[in-house]
Amino acid sequence: MNKGIWAVVIVLLLGVAVVIVVRKQQSETASSGGSAATQGSSMTIAVIPKGTTHQYWKSVEAGAKQAGKDFGVNIIYKGSMQEDDRAGQISVVQQFTADNVNGIVLAPVDNVALVPAVQAAMAKKIPVIIIDSSLNGVAGKDFVSYCGTNNTLAGKMGGDQLAKILGGKGKYVLLRYAVGSASTIQREAGFLSAMKENPGMTPLVTNRYAGTSVSEAKATALDLLDQIRQANGIFCPNESTTIGMLDVLEENNLAGKIHFVGFDATPELVTALRKGELDAIVSQNPKKMAYEGVKACLGAIRGDAQPPDIDSGVQLITRDNVDSPEVQKLLSGG
């Protein structure tokens, strides 16, 4: 066989080898559910919390990063320190939009102020999933979905429990969180709806806002100390208000003497519950919330339809059930 024929044979053999390799790669990709882009390995999803100081947001970060690991997505977690930094959060959303990330998961600090930035991202075909706190607008149009706690229900659960403890009669203090925070506004409304169902419950304070940090909440609670001493029950709608109020009660020898229902099951608050300084904690599932938010965002990037509301659940924790398997799983982030 002359050299020319050998050359042709070698070229044909190389071509067959290339075809075999390509088909093998295609088969492996198909068996894993799609291309690398579809699987998410080359995708970046930005997760933007309200703030970064509270223990709650550390659980959100853990959930988001676990989802990124499970789904092969690059997660960028970035937020302002304080939960009242509207301008800062708007800037973060705008920057990620300019960077053309594949998707955004956002816990808006304000249900109105963040609307234009979210709409701008959606206009660039960057799907936005809202978590934790709702945003004014229509799911499927102004943003993809809301994933989080049914906050009105959560607040009512807290109110129902306080009324039950007090036998439907007593004076109460509601320490609100911050203006513009949709999640806590809804919790406060849910709590007050429970109070209306119990005409024997008398309000002492319902119109004071604590601010976004524990120190601000503590200062506000100190200002209300005279009313607090008269109260039979207290409700606080988030982590920082609950911790700030608890600090004031402890420092004034009132802890355990006034019935207290708080929010968000941090280790510190669970300890207070066991000691009898809190009667109940309304607990969200922040890790699951973030995980499901990233999952929904990835689905939207792929073009899959997403439900307008994704409920991440809520649990009332008391001394009677704190050691139950269900609650222990929640507290351990399971």
Side-chain angles (χ1 to χ4, degrees), residues 48-61 77-92 107-111 113 132-133 151 154-155 158 172-188 191 204-231 233-275 277-284 286:
I48 308 170
K50 282 185 177 182
T52 54
T53 56
H54 297 167
Q55 180 63 41
Y56 177 87
W57 298 114
K58 299 183 191 307
S59 297
V60 167
E61 181 179 10
Y77 188 85
K78 183 178 181 181
S80 304
M81 290 289 290
Q82 298 299 325
E83 296 185 19
D84 58 356
D85 189 358
R86 292 166 176 80
Q89 192 179 59
I90 290 169
S91 178
V92 172
V109 300
D110 190 293
N111 62 336
D132 179 73
S133 191
N151 286 298
Y172 66 89
V173 168
L174 163 64
L175 181 59
R176 294 178 182 266
Y177 171 61
V179 176
S181 170
S183 58
T184 48
I185 290 171
Q186 291 163 358
R187 292 170 204 166
E188 292 151 9
F191 170 79
L204 290 175
V205 179
T206 61
N207 60 354
R208 289 295 298 274
Y209 288 90
T212 59
S213 68
V214 170
S215 60
E216 289 174 303
K218 186 174 178 179
T220 305
L222 279 170
D223 287 343
L224 298 173
L225 192 55
D226 288 343
Q227 292 96 320
I228 290 170
R229 291 184 189 278
Q230 300 173 47
I234 299 169
F235 177 73
C236 292
N238 83 318
E239 176 185 332
S240 59
T241 53
T242 304
I243 294 175
M245 177 66 75
L246 180 62
D247 286 349
V248 168
L249 294 177
E250 289 175 340
E251 292 171 7
N252 289 275
N253 197 32
L254 295 171
K257 297 179 180 179
I258 302 172
H259 292 292
F260 186 7
V261 175
F263 219 96
D264 291 329
T266 67
E268 176 183 355
L269 295 179
V270 172
T271 297
L273 175 73
R274 292 185 183 279
K275 290 167 60 178
E277 296 177 344
L278 276 165
D279 291 274
I281 304 169
V282 184
S283 179
Q284 305 178 83

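The figures here come from the full heavy-atom set of this structure, side chains too, leaving out hydrogens, waters and symmetry mates.
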task: Answer whether the closest heavy-atom distance between the side chains of Phe260 and Leu246 falls below 4.5 Å.
output: yes
- prompt: At what distance, to the nearest 0.5 angstrom, does CZ of Arg187 lie from CD1 of Ile185?
  reply: 11.0 Å
task: Scan side-chain atoms only and decide if Asn238 and Ser240 contain a donor-acceptor pair under the 3.5 Å cut-off.
output: yes
statement: Correct closest heavy-atom pair for Asn207 and Arg176 would be CA-NE, 4.1 Å
query: Is there a donor-acceptor contact under 3.5 Å from the side chain of Thr220 to the main chain of Glu216?
result: yes
message: Test your reading of the model: is there a side-chain donor-acceptor pair from Ser133 to the backbone of Ser183, 3.5 Å cut-off?
response: yes
Can you give me every donor-acceptor pair (side chain of residues 51-60, partner residue at least two apart or in another chain, under 3.5 Å) with its distance?
{"from": "Thr52", "atom 1": "OG1", "to": "Ser80", "atom 2": "O", "distance (Å)": "3.3"}
{"from": "His54", "atom 1": "ND1", "to": "Glu83", "atom 2": "OE2", "distance (Å)": "2.7"}
{"from": "His54", "atom 1": "NE2", "to": "Thr212", "atom 2": "O", "distance (Å)": "3.4"}
{"from": "Tyr56", "atom 1": "OH", "to": "Asp132", "atom 2": "OD1", "distance (Å)": "2.6"}
{"from": "Tyr56", "atom 1": "OH", "to": "Gln284", "atom 2": "OE1", "distance (Å)": "3.4"}
{"from": "Trp57", "atom 1": "NE1", "to": "Glu83", "atom 2": "OE2", "distance (Å)": "2.7"}

Least distance between heavy atoms, Asp223 atom then Arg208 atom: OD2-NH2, 3.9 Å
CG-CG distance between Leu174 and Leu204, expressed to the nearest 0.5 angstrom: 11.5 Å
- request: Give the minimum heavy-atom separation between Arg86 and Ala113, together with the two atoms involved.
  value: CD-CB, 4.4 Å
message: Return the SG to CD distance between Cys236 and Glu188, rounded to the nearest 0.5 Å.
response: 10.0 Å
task: Return yes if some donor-acceptor pair links the side-chain N/O of Glu268 with the main-chain N/O of Ile243 below 3.5 Å, else return no.
output: no
message: Could you check whether any side-chain N or O of Thr184 sits under 3.5 Å from a backbone N or O of Ser181, counting only pairs where one atom can act as donor and the other as acceptor?
response: yes
message: Does any part of the side chain of Ile90, heavy atoms only, come nearer than 4.5 Å to the side chain of Asp110, both counted from C-beta?
response: no
- prompt: Hey, does Tyr172 have a side-chain heavy atom less than 4.5 Å from the side chain of Thr206?
  reply: yes
message: Does the plane of the ring in Phe191 sit parallel, tilted or perpendicular to the ring in Phe235? Use 30° and 60° as the thresholds.
response: parallel
- request: Decide yes or no for Met245 and Ile228: does some side-chain heavy atom of the first lie under 4.5 Å from some side-chain heavy atom of the second?
  value: yes
- request: Could you grab the distance from atom CD of Glu277 to atom CD1 of Ile258, nearest 0.5 Å is fine?
  value: 12.0 Å
message: Can you confirm whether Leu254 sits close enough to Arg229 that some side-chain heavy atom of one is under 4.5 Å from a side-chain heavy atom of the other?
response: yes
Minimum heavy-atom distance Asn111-Ala182, with the two atoms named: CB-CB, 3.7 Å
- prompt: Can you check whether Asp84's main-chain N or O pairs, donor with acceptor, with Gln89's side chain at less than 3.5 Å?
  reply: no
- request: Report yes if the side chains of Met81 and Asp85 come closer than 4.5 Å at any heavy-atom pair, otherwise no.
  value: no
- request: Hey, could you give me the CD1/CG distance between Ile281 and Leu269, rounded to the nearest 0.5 Å?
  value: 5.5 Å
- prompt: Side chains of Thr266 and Thr242: does their closest heavy-atom pair fall under 4.5 Å?
  reply: no
query: Taking all non-hydrogen atoms of both residues, which atom of Ala154 and which atom of Phe263 are closest, and how far apart?
result: CB-CZ, 3.6 Å
- prompt: Any side-chain heavy-atom pair from Ile234 and Leu175 closer than 4.5 angstrom?
  reply: no
